[in-house]
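The structure displayed is predicted, hence computed values, not measured ones. In what follows, every chain begins at residue 1, and chains take the letters A, B, ... in the order their sequences are listed.
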Amino acid sequence: MKSKKANYKTVLTVIFSIISVLYVFPIVLVVINSFKKKTSISLRPFALPDGKSFVGLDNYINGIEKVEFLKYFGYSLFITAASVIAILLFCSMCGWYVTRVKNTFTKALKFAAIFSMVVPFQLIMFTLAKTADTLHLNTPVGIVVVYLGFGAGMAIFMFSNFAQSMPLEIEEAANIDGCNPLQMYFRVILPIMKPTYVSVGILEIMWIWNDYLLPYLVLDIKKYKTIPIVIQYLKGGFGSVDMGAIMACIVLAIIPVIVIYVFCQKYIIEGVAAGAVKG
Amino acid sequence: MEKALKKYLPVFTFPTAIAFLIGFIVPFVMAVYLSFCSFTTVNDAKFVGISNYIQAIKDPVFLHSVGFSAIFTVVTVILINVLAFAVALCLTQKIKGTNLFRTVFFMPNLIGGIVLGYVWQLLFNGILAYFNRTLTFSSIYGFWGLVILLCWQQVGYMMILYIAGLQNIPGDMLEAAQVDGATGAQRLFKIIIPSVRPTIVICTFMSLTNGFKLFDQNLALTAGEPSHGTEMVALNIYNTFYGSTAAYRGVGQAKAVIFAVALALVGILQMRLTAGKEE
């Protein structure tokens with residue numbers, strides 16, 4: 001009986017090992033092709049680079065120069081970091097507040113925030129781009145306001161749900177000790193909300209870093225692009241498509257994400273799991 | 001405490017509320033209004049009643065995209081949830097390598113839809129090249145290409161949620177069933193599945209909305225080719241706004257309203273169907 005069970009566990013491990021290798025294969029394929037001459041990528045994607053088709057780092061150098069990759073990587077990084085920090089700070093304050101103080105305004109705000117979660121982006125994409133344009137929010141700094149607004153729904157929802165489960169006694173004690181609400185918020189409530197910060201932060205980072213359509217429509221894309229826009233721009237057929245540069249840029253877009261993932265995977269996976277249980 | 005808090009309403013809620021006004025409320029109201037107007041920019045809007053809606057539901061390309069999205073969503077919701085649940089069951093058996101497998105399966109979620117689309121385009125076209133075909137040869141290819149891509153991306157995400165759900169089942173409940181002589185199938189259908197019902201509700205809801213709202217992957221993998229054959233609803237709306245024949249923005253706005261309402265109805269219906277069985 002025992003050995004039978006051990007056997008089937010070994011079989012499962014073997015099966016999943018094979019599936020895992022297949023799972024990462026598409027990514028590996030892109031990495032392999034990023035070292036090949038651009039003409040041999042489309043023709044024979046499964047061939048390993050050989051003496052004739054191997055071009056070393058040429059595609060990378062070419063790709064980085066051609067689309068000013070590093071500059072746009074910087075914009076992507078700034079937009080994601082600034083937006084997520086803004087969302088975490090302001091939406092956690094707001095989410096907690098609408099749970100503690102109930103009046104017409106806070107009730108309406110919470111209801112509208114939850115409602116916004118089910119609205120598909122396509123419904124407001126045109127008018128949002130126009131609004132952002134009119135208010136001159138078409139810059140990497142301005143788009144932070146747009147992300148705070150459009151991303152507020154999920155964040156307010158998750159923070160207010162968490163606030164409902166927080167014991168009031170701690171806050172009352174802080175109040176008696178003479179804290180004003182802001183001091184209380186930053187010294188008492190914020191530390192308790194830490195797990196929700198991690199969950200919301202991870203979900204928002206995954207969304208904003210990879211978002212294509214919102215920044216494409218909101219930003220002044222002659223001046224500012226994010227990584228997904230650059231990739232789409234390269235492939236979208238402006239002149240001849242340089243497959244080598246595309247492969248290199250895709251690899252450059254993926255690698256930082258995977259490096260961060262490898263180091264923080266425990267938090268990321270736990271954060272995602274916790275986020276859904278509450279949501 | 002309430003009294004002290006009330007004075008702080010602007011501090012806690014205004015930053016989010018103002019951004020929310022700009023990033024959601026104003027564009028939303030404008031969008032709904034513009035769906036009853038004929039316009040190319042917001043300034044030249046003329047009220048035309050429901051004629052946009054009539055044109056939208058008479059547009060064969062739009063109707064095709066709705067059908068395509070609906071079939072696509074049904075197929076992916078079933079596949080993603082069955083596969084994710086099966087993998088989650090296997091990975092909660094304490095087999096060797098569980099953490100590694102979990103990490104690998106979740107990884108594609110961190111990479112954006114645009115990048116993933118091009119990664120898989122390389123792979124699919126590489127395989128199809130042996131048959132002298134490409135992904136845009138027929139809509140069927142594009143359909144299954146998108147299905148494989150979305151499953152590859154989302155099985156890992158839903159798996160994480162199912163694992164979290166499965167781990168919440170008390171171990172002694174399963175042991176007791178085993179002692180009482182319950183078979184594997186009985187344990188699965190009588191204990192495990194009913195216990196993770198909340199997770200099933202969340203996961204089907206998420207995969208349902210993800211399927212319907214799919215845009216980035218669609219744009220990158222097939223761009224709707226051949227001749228709108230693989231164009232899904234979100235991409236169809238986008239093309240109505242920004243495509244080469246962008247004279248019908250009012251119609252695009254009407255399509256987006258139809259899309260949003262349909263999405264909300266399907267979501268509510270699904271919640272009723274999967275959650276309502278408890279009573």
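In this structure, the portion of F14(B) lying under 4.5 Å from any heavy atom of chain A is its side chain and not its backbone. At a 4.5 Å heavy-atom cutoff, the contact between L135(A) and chain B is made by side-chain atoms alone. If you measure heavy-atom distances from Q122(A) to chain B, the contacts under 4.5 Å come from both the backbone and the side chain. If you measure heavy-atom distances from S17(A) to chain B, the contacts under 4.5 Å come from both the backbone and the side chain. For I176(A), no part lies near chain B; criterion is any non-hydrogen pair under 4.5 Å. Heavy-atom distances place both the backbone and the side chain of F16(A) under 4.5 Å from chain B. Looking at I202(A), there are no atoms closer than 4.5 Å to chain B (heavy atoms on both sides), in backbone or side chain. For T209(B), no part lies near chain A; criterion is any non-hydrogen pair under 4.5 Å. Both the backbone and the side chain of L9(B) come within contact range of chain A, judged by heavy atoms closer than 4.5 Å. Residue contact with chain A, scored on non-hydrogen atoms closer than 4.5 Å, involves the side chain of L263(B) exclusively. Looking at I25(B), only its side chain comes within 4.5 Å of chain A, counting heavy atoms on both sides. Contacts between D216(B) and chain A at a heavy-atom distance below 4.5 Å involve the side chain alone, from C-beta outward. In this structure, no portion of Y147(A) lies under 4.5 Å from any heavy atom of chain B. Heavy-atom distances place the side chain of I268(A), and not its backbone, under 4.5 Å from chain B. Of the two parts of W120(B), only the side chain, counted from C-beta on, holds a non-hydrogen atom closer than 4.5 Å to a non-hydrogen atom of chain A. Contacts between A264(B) and chain A at a heavy-atom distance below 4.5 Å are absent for every atom of the residue. In this structure, chain B has a heavy atom under 4.5 Å from the side chain of I156(A), while its backbone stays farther away.
Closest of all the heavy-atom pairs between S20(A) and F101(B) is OG-CD2, 3.1 Å. The two residues Q265(A) and T103(B) make their nearest non-hydrogen contact at OE1-OG1, 3.1 Å. Residues F150(A) and G23(B) approach most closely at CD1-O, 3.8 Å, considering heavy atoms. Closest of all the heavy-atom pairs between F241(B) and M125(A) is CD1-CE, 3.5 Å. Here the closest non-hydrogen pair linking N210(A) and L110(B) is ND2-O, 3.0 Å. Of all heavy-atom pairs spanning M117(A) and K213(B), the tightest one is O-NZ, 4.2 Å.
When V146(A), V98(A), I27(A) are compared by the number of non-hydrogen pairs under 4.5 Å with chain B, I27(A) comes out ahead. The residue among N33(A), V218(A), L123(A), I124(A) with the most heavy atom pairs within less than 4.5 Å of chain B is L123(A). The candidate from V29(B), L219(B), V261(B), T98(B) with the greatest count of non-hydrogen atom pairs under 4.5 Å with chain A is L219(B). With respect to chain B, the highest number of heavy-atom pairs below 4.5 Å among I250(A), L213(A), N180(A) belongs to L213(A). Each of L122(B), V115(B), L123(B), I237(B) has some count of heavy-atom pairs under 4.5 Å with chain A, and the biggest count is that of L122(B). Note on I205(A), V119(A), V118(A): by heavy-atom pairs under 4.5 Å with chain B, the leading option is V119(A). Of the listed residues D211(A), V144(A), L109(A), the one with more heavy-atom pairs under 4.5 angstrom with chain B than any other is L109(A). Top candidate by heavy-atom pairs under 4.5 Å with chain B, chosen from P120(A), A129(A), G151(A), A152(A), is P120(A).
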### Task
Carefully, step by step, assess I22(B) and T131(A) under the rule side-chain contact (heavy atoms from CB on, under 4.5 Å).
CA-CA 7 Å; I22(B) 297 168; T131(A) 311; 4.2 Å; yes
#### Entry: Stepwise side-chain contact (heavy atoms from CB on, under 4.5 Å) check, F20(B) with C94(A)
CA-CA 11 Å; F20(B) 189 61; C94(A) 184; over 6 Å; no
### Message
Evaluate F121(A) against F215(B) for ring pair (Phe, Tyr, Trp, His ring centres under 6.0 Å), listing each step before the verdict.
### Response
CA-CA 10 Å; F121(A) 181 65; F215(B) 178 82; 8.7 Å; no
### Task
Before giving the answer on side-chain contact (heavy atoms from CB on, under 4.5 Å), spell out for Y8(B) and V101(A) the whole-Å C-alpha distance, their side-chain angles and the decisive distance to 0.1 Å.
CA-CA 10 Å; Y8(B) 278 81; V101(A) 180; over 6 Å; no
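Here the side chains of M93(A) and T16(B) are not in contact, with every heavy-atom distance at 4.5 Å or above. The side-chain heavy atoms of Y23(A) and P108(B), taken from C-beta on, include a pair separated by under 4.5 Å.
Between the side chain of Y97(A) and the backbone N or O of L5(B) there is at least one donor-acceptor pair closer than 3.5 Å.
In this structure, Y216(A) and Y238(B) have tilted ring planes: the angle between them lies in the 30° to 60° band. Using cut-offs of 30° and 60° for the angle between ring planes, the Y242(B) and F126(A) rings count as tilted. Under the 30°/60° scheme for interplanar angles, the aromatic rings of F106(B) and Y261(A) are found to be tilted.
Results of the ring-ring contact (aromatic ring centres under 6.0 Å, His included) test with F12(B) over F159(A), Y185(A), F90(A) single out Y185(A) as the only residue that passes.
When the shell of 6.0 Å around CZ of F105(A) is examined, it contains more than 12 heavy atoms from other residues, nucleotides or ligands.
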